[in-house]
Chemist: 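What follows is a single structure, and I will ask about it in a moment.
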Amino acid sequence: MNIKPLGDRVVIKRLEAEETTKSGIVLTGTAKERPQEAEVVAVGPGAIVDGKRIEMEVKVKDKVLFSKYAGTEVKFDGVEYVILKQDDILAIVE
Amino acid sequence: MNIKPLGDRVVIKRLEAEETTKSGIVLTGTAKERPQEAEVVAVGPGAIVDGKRIEMEVKVKDKVLFSKYAGTEVKFDGVEYVILKQDDILAIVE
Amino acid sequence: MNIKPLGDRVVIKRLEAEETTKSGIVLTGTAKERPQEAEVVAVGPGAIVDGKRIEMEVKVKDKVLFSKYAGTEVKFDGVEYVILKQDDILAIVE
Amino acid sequence: MNIKPLGDRVVIKRLEAEETTKSGIVLTGTAKERPQEAEVVAVGPGAIVDGKRIEMEVKVKDKVLFSKYAGTEVKFDGVEYVILKQDDILAIVE
Amino acid sequence: MNIKPLGDRVVIKRLEAEETTKSGIVLTGTAKERPQEAEVVAVGPGAIVDGKRIEMEVKVKDKVLFSKYAGTEVKFDGVEYVILKQDDILAIVE
Amino acid sequence: MNIKPLGDRVVIKRLEAEETTKSGIVLTGTAKERPQEAEVVAVGPGAIVDGKRIEMEVKVKDKVLFSKYAGTEVKFDGVEYVILKQDDILAIVE
Amino acid sequence: MNIKPLGDRVVIKRLEAEETTKSGIVLTGTAKERPQEAEVVAVGPGAIVDGKRIEMEVKVKDKVLFSKYAGTEVKFDGVEYVILKQDDILAIVE
């Protein structure tokens, strides 16, 4: 993976419905919504606040739930990714 | 429960109408609104403000009232949860 | 009363029109608006700003005027309450 | 007067058109707008910013000009008052 | 002049079209817009930021250009004034 | 030029289309938009943040690109100027 | 290249679809959207926060992904550029 997100951004790869089912997580809502579970593939260096860099809370390979509509979709080497701010990640699933 | 919310987020499980009645709390408003009482099932580590982590005020097993429309719904192992920011929790019910 | 508001929230019990008349306060405006005088029944611990907790200015049993539309209504043991932020309280009536 | 405004709020009593004329101030605009000159009848303790209370700039008996639409109207013992934030007061008239 | 503006507010007297022409400044735009050149007649003590009062940049008798729509109009002893925040003053004309 | 902008404001003089062509810069977009290249004719003293004045980054005679719709137009001695905040200047052209 | 962006702005040159394909990145979405990969051609000195200049994270020649709709388009010597804030850059592609 060669996308380095800036600041407090994270690159995630949406997990397929199948994988979603396996882990037991399904996001409810209108029926056609895409699942919002994903795996972290790249993590930015963290935002700078008052001159200090804030350490990121997620790391590569974390499974995460994220806000739908958050972030921007990118396709790279045939795979789709989403780049979003860490604050749009709701939780880490273990 | 294996969802670890990030920052100042909290995972709650909505209490059924029945339980709601038992505890004596009913939220008024338009008749079809879903009850807003819930039990806390996971608590994030707290937000970081000016480089210091702010301790969370709610803890697992707290019964809470929360703003309707707040948060995102997630279904996990067949159970529905809501992930929301602690600031969207109005009060702890004891 | 067993609702503990979080942060700088306050739980108030709207005073009936009758009581309102007794204390001499009536809120003007369109004729059907509900009175906005209330009694404080529970007070949160106060908001945390820059790592310090700000002491609350209202206390239980204070009679207060509050902004209409502010807060969320809750019914508890058959009584209606409003949970709102202290900043939505306009004044203490003595 | 027994209304104690909270924070940086102020309670004012609108001056009658007659009094307004006497002091020589009339607010221009659409013809039906109510005059915006008033007398301060109660002053809050001041807002708390960064843990320090900011001293209020107006005091009881000051004649002030205030932004129309600002604040909330209250009737007390048959007299109408407006409760508003000090920042909605434009100037002191001497 | 006996209007004391609060905080970082300024009281200005719009210059008549005639005077505007004399000084050579005309504001372009739709043809009916009122000129936006004015003379400062009163200056507030300055806003308080982080507990320190910020000194004002304009002073009485300055000729200034100001944002149209900014501020509130007041008539006093038959003369029209505008009360506005210093930040709505664009420039001093010399 | 005798207009002294306040704070972090700048007075610029739009360059004519002809001059624009000469320098080789043309702003794309809908065909009728006015060019956004200009020359700085006056610079404010800089904004005050936390009690310290922030030095300005542009100086008189700089050629700059600026956001269309930014600022207020003023005509002075027959010449049109735009007064805008430095933050609405995109870049210096050399 | 002689455009010096101000503050935390960056000048980028959109990469042609062809180049985009070569690097393997394609942004998904509605079919007609323009590619959002670009090369950095000029970097501002960085924003000033609390009196300290924040070092920029991107440098000239970096390949970057940026938010569509972000920034302003400029044509210079026949080449199109986009001037945008660094925060509108999502990631560096390597």
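Just so it is clear: chains get the letters A, B, ... in the order the sequence lines come, proteins before strands, and each one is counted from 1. Treat the numbers as computed from the prediction; the structure is a model and nothing was measured.
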Chemist: At their closest point, which heavy atom of A/Pro5 faces which heavy atom of G/Ala91, and how far apart are they?
Modeler: CA-CB, 3.7 Å
Chemist: Does any backbone or side-chain atom of G/Gln86 lie under 4.5 Å from a heavy atom of chain A? Answer side chain, backbone, both or neither.
Modeler: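 Both parts, backbone and side chain.
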Chemist: Answer with side chain, backbone, both or neither: which region of G/Val64 has an atom nearer than 4.5 Å to a non-hydrogen atom of chain A?
Modeler: neither
Chemist: Measure the spacing between CD1 of A/Ile48 and NZ of G/Lys52 and express it to the nearest 0.5 Å.
Modeler: 10.0 Å
Chemist: Considering only heavy atoms and a distance below 4.5 Å, find which of G/Ile89, G/Val58, G/Val49 pairs most often with chain A.
Modeler: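 Most heavy-atom pairs within the cutoff with chain A belong to G/Ile89.
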Chemist: Mind checking the CG-CG spacing from G/Leu90 to A/Leu6? Nearest 0.5 Å is all I need.
Modeler: 8.0 Å
Chemist: Restricting to salt bridge (charged side-chain N to carboxylate O under 4.0 Å, His left out), what partner residues turn up for G/Glu94, sequence neighbours left out?
Modeler: A/Lys4
Chemist: Can you tell me how far apart CD1 (A/Ile3) and CG (G/Leu65) are? Round to the nearest 0.5 Å.
Modeler: 5.5 Å
Chemist: Do you know the tightest heavy-atom contact between A/Pro45 and G/Glu57?
Modeler: CG-OE1, 3.5 Å
Chemist: Quick one: does G/Asp87's side chain get under 4.5 Å of A/Arg9's, heavy atoms only?
Modeler: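 SC-SC contact between G/Asp87 and A/Arg9 confirmed.
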Chemist: Chain A heavy atoms under 4.5 Å from G/Ile54: which part of the residue, side chain, backbone, both or neither?
Modeler: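 Answer is side chain: those atoms of G/Ile54 sit under 4.5 Å from chain A.
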